[in-house]
Chemist: 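Once you've had a glance at the structure underneath, I'll fire off some questions.
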Amino acid sequence: MNVIRDDLRNIAIIAHVDHGKTTLVDSLLKQSGIFRANQIVEDRVMDSNEIERERGITILSKNTAIYYRDKKINIVDTPGHADFGGEVERVLKMVDGVVLLVDAFEGPMPQTKFVLKKAIELDLPAVVCINKIDRPEARPEEVIDEVLELFIELGAAEEYLDSPFVFTSAKEGTATIDLSVKKDSMEDLFETIIQHIPAPEGDIDQPLQLLISTIDYNDYVGRIGIGKIERGRIRSNQEAVIVNQNELNNIKGIKITNIYEFEGLNRVEVEEAKVGSIIAVTGVEGINIGDTICDVDHPEPLPFVNISEPTIAMTFSVNNSPFAGREGKYVTSRQLRNRLYKELQTDVSLRVEETDSTEAFKVSGRGELHLSVLIENMRREGFEFQVSKPEVLFKYEGDKKLEPMELVTIDVMDEYIGAVIEKLGMRKGELVSMTESDGGYARLVFSIPARGLIGYRSEFMTDTKGNGILNSIFDGYAPYKGDIARRREGSLIAYETGEATVYGLHSAQERGVLFIIPGTKVYEGMVIGANPKGLDIEINVCKKKHQTNIRAAGSDEALRLSPPRQLSLEEALEFIEDDELIEVTPTSFRIRKKILHTNKRHKARK
C-alpha cells in the first residue's frame, strides 16, 4: 500500500559558505520549543565540531528534527564550502526538498550554483530564503532576479521559477513572505515549508529498503548508518542484508540492534520506523555510504549519486625529523595508516593509496581546505606526521593532458582590481566577467587552473589589504594550460641543531622574515624564515655573541627583533616548495627540507 506521510517533511538547507545556514537552523530549533525555557544554548549549536566552531564554517552535514504544530520536520544542515561538496551531494538523497538560502547583499555565489545544480538534478523542489534582510546594504529585490536568472542558467524546469520566496533574518529569528510586513517569528518559513515541500511517500507493505547516506562512528556501538527508509518498515532486532549497487555479489547478513529517530539535537530510540523516516541504525558493522539495507529475501539495492572525484593530493608520511616522537602520542606508520583508513569510512570524497614506501600514503581530496581540516583533526587527536606540498591531479584522454579548473569569484574594491587581474593573469587565469556594484566594489569572475590558486590566497589578502573576498569552485577539466611561472620567496634554513638565540636571529632577520622566536629549538635543515629574493640561504641562528672584557659604548644595548610571521597550516601549505615538508605535531608546525643535511642537499641539487 502506497502511503503519503503528511505528518513528516524532510528538507536540506543548502547555501554558499557564510550565508547563515547554521544560524537559521538555530532559530528554527529555538522557536519549535525543542529547548527548555531556561536552557542555555550556544550560538550555531549544530556546529558541534571544535574546528567548525573556531572557523565559523560547517564541515560535516548534521541531522536534526523539529516539530511545528502536528508536523515533524527533519532538517539536514549541509556544508557551504566547495571542498566539502561530497557531503552535500549524498545527503540530498535523504530529503524531499531543499531550502535554498541566499544572502540579501551578496546574492547567489559559486557554491549556491553548485548545490542548487545538485538539487535540480535530483528534481528536488526548492523554497528560496533571502537571508540577512536586516543588513544595512541588503538588496532583496535585485537578489530575487539573480536567483531566477540562476534557475534559468542551470536549465531548471519551469516549476522552479514559481518557487516561493521567504525573507528572513536568521540572527533576529524573523521570517516574512512580504517585505513590507515585518514579522517577529519564523512562522512564515515553517508554513511555506509545510505547503511547498512534498511529504515523503512510499509503499509500506513492500520489503524493506533503507539507503545509507551518512556514517557516524561511536566507540561503544561501532558504526552507525544514517539514511531514509525508501520502502517498507524496519524493527529493532530484525534480520537484514547489506547490498551495494556496485557489488551485487557481495551480500552481507546483519542484525539491526537499535533504531533511532532524530528529535532536536538528540537521537531517540524507537522500536519501529516506517517509510519516509530519516533514521540512524546500529549493529551494522561493515556498512558503507551508498549501501542499501534490505529485507533478507529481497536484496534490491538503490542507486546512489556519483561523488565528484578528488582534485588535489598530498603525501602523509611518518615523522623522521630529529625531533620525531617528542610531542606526539601516535607516531608509527601502522597508527597513521589505521587513522587514514578510518577517515575513509565517513568521508566519501577522500582517497587513500599505499605508496612504494610503507611509511608514506598518498591522500587525495577536493581541495586544500578539505585536506587541511583532516590534518588539523589528526593533530588534535595526538598524531605526529609529515605532509608534502599539495599537487594537482591531472587526467589523460588519449594523449591529451587535462587539468582541473576552478571558477573564482572575487569581490574587491576598485583600487585593487589591477593588482588582482595582473596576479591571476600570471597564474593562467582568464577574466570571464566583471560587474560594477554599488559602494566602490566590483565582482570579477575568473577561470583558472586549480594549481594556479595554490599559494594565492595569502598573496590576495596582502594585495587587497584584507578587503577582498575570494570564493572558488571546481569547474570541470580543461586542456593543460602550460607552465606557471612562480615568483616565490626563498627559505631561510637553520645551519645547525640547537636553540635559537637573539644574537643569531638578529643577523638572520636582515635576510628576510622570521618564523621563530628566541629560545625555539631548531635542527639542521629546518626552515626558520622566508627570503623575499627567492633564494634559499643557510643561516646559523644558534650562534652566541663572544664575550670579551672590553666594553664599547652602545654595544650592550638590547638587540631588537621584528615580530615573527606565524604561519597557519594553510599558509604553510601554500609556502612550501617541492623539496620541503611540514612536520605536524599536536603542539607545533615546522617547515623542513626533505634532505636535512646541508652538504647532501647541495649534492642532490647538482
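Everything numeric in this text was worked out from a predicted model, so none of it was measured.
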Chemist: Compute whether any side-chain donor of one residue and acceptor of the other, for Arg326 and Asn319, lie under 3.5 angstrom apart.
Modeler: no
Chemist: Between Phe575 and Phe515, what is the ring plane arrangement, given parallel below 30°, perpendicular above 60°, and tilted in between?
Modeler: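 The arrangement is perpendicular - the two ring planes meet at more than 60°.
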Chemist: Below 4.5 Å, heavy atoms only, C-beta onward: do Asn320 and Glu359 meet side chain to side chain?
Modeler: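 Answer no - side chains too far apart.
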Chemist: Could you pull out all residues at least two apart from Glu403 that satisfy side chain to side chain donor-acceptor pair (under 3.5 Å)?
Modeler: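 Testing Glu403 for side chain to side chain donor-acceptor pair (under 3.5 Å), a comparison that skips the adjacent residues, returns Arg451.
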Chemist: If a pair satisfies ring pair (Phe, Tyr, Trp, His ring centres under 6.0 Å) and one of its residues is in residues 576-606, list it, with sequence neighbours excluded.
Modeler: none
Chemist: Lys543 and Glu496: salt bridge (charged side-chain N to carboxylate O under 4.0 Å, His left out), yes or no, with the steps?
Modeler: CA-CA 9 Å; Lys543 65 181 174 186; Glu496 64 175 47; over 6 Å; no
Chemist: Let me confirm one number: the CZ-CG distance from Arg565 to Leu514, rounded to the nearest 0.5 Å.
Modeler: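 Those atoms lie 11.0 Å apart.
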Chemist: Under 4.0 Å between a side-chain nitrogen and a carboxylate oxygen: does that hold for Arg337 and Glu354?
Modeler: yes
Chemist: With sequence neighbours excluded, tell me which residues meet side chain to side chain donor-acceptor pair (under 3.5 Å) with Tyr503.
Modeler: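 Here no residue qualifies.
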Chemist: For Phe446, which residues count as a ring-ring contact (aromatic ring centres under 6.0 Å, His included) partner, sequence neighbours excluded?
Modeler: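 Testing Phe446 for ring-ring contact (aromatic ring centres under 6.0 Å, His included), a comparison that skips the adjacent residues, returns none.
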Chemist: With distance as the sole test, does Glu524 use its side chain to make a donor-acceptor pair with the main-chain N or O of Thr598 at under 3.5 Å?
Modeler: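 Yes; at least one donor-acceptor contact below 3.5 Å.
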Chemist: Test of understanding: with side chain to side chain donor-acceptor pair (under 3.5 Å), list the residues that count as partners of Asp134, not counting sequence neighbours.
Modeler: Ser169
Chemist: Apply salt bridge (charged side-chain N to carboxylate O under 4.0 Å, His left out) to the pair Asp579 and Arg601, showing each step before the final yes or no.
Modeler: CA-CA 10 Å; Asp579 64 338; Arg601 201 164 53 246; over 6 Å; no
Chemist: So do Glu343 and Val363 actually touch side chain to side chain, heavy atoms under 4.5 Å?
Modeler: no
Chemist: Only counting residues at least two apart or in another chain, list the ones meeting side chain to side chain donor-acceptor pair (under 3.5 Å) with Arg511.
Modeler: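 So Arg511 forms no side chain to side chain donor-acceptor pair (under 3.5 Å) with any residue.
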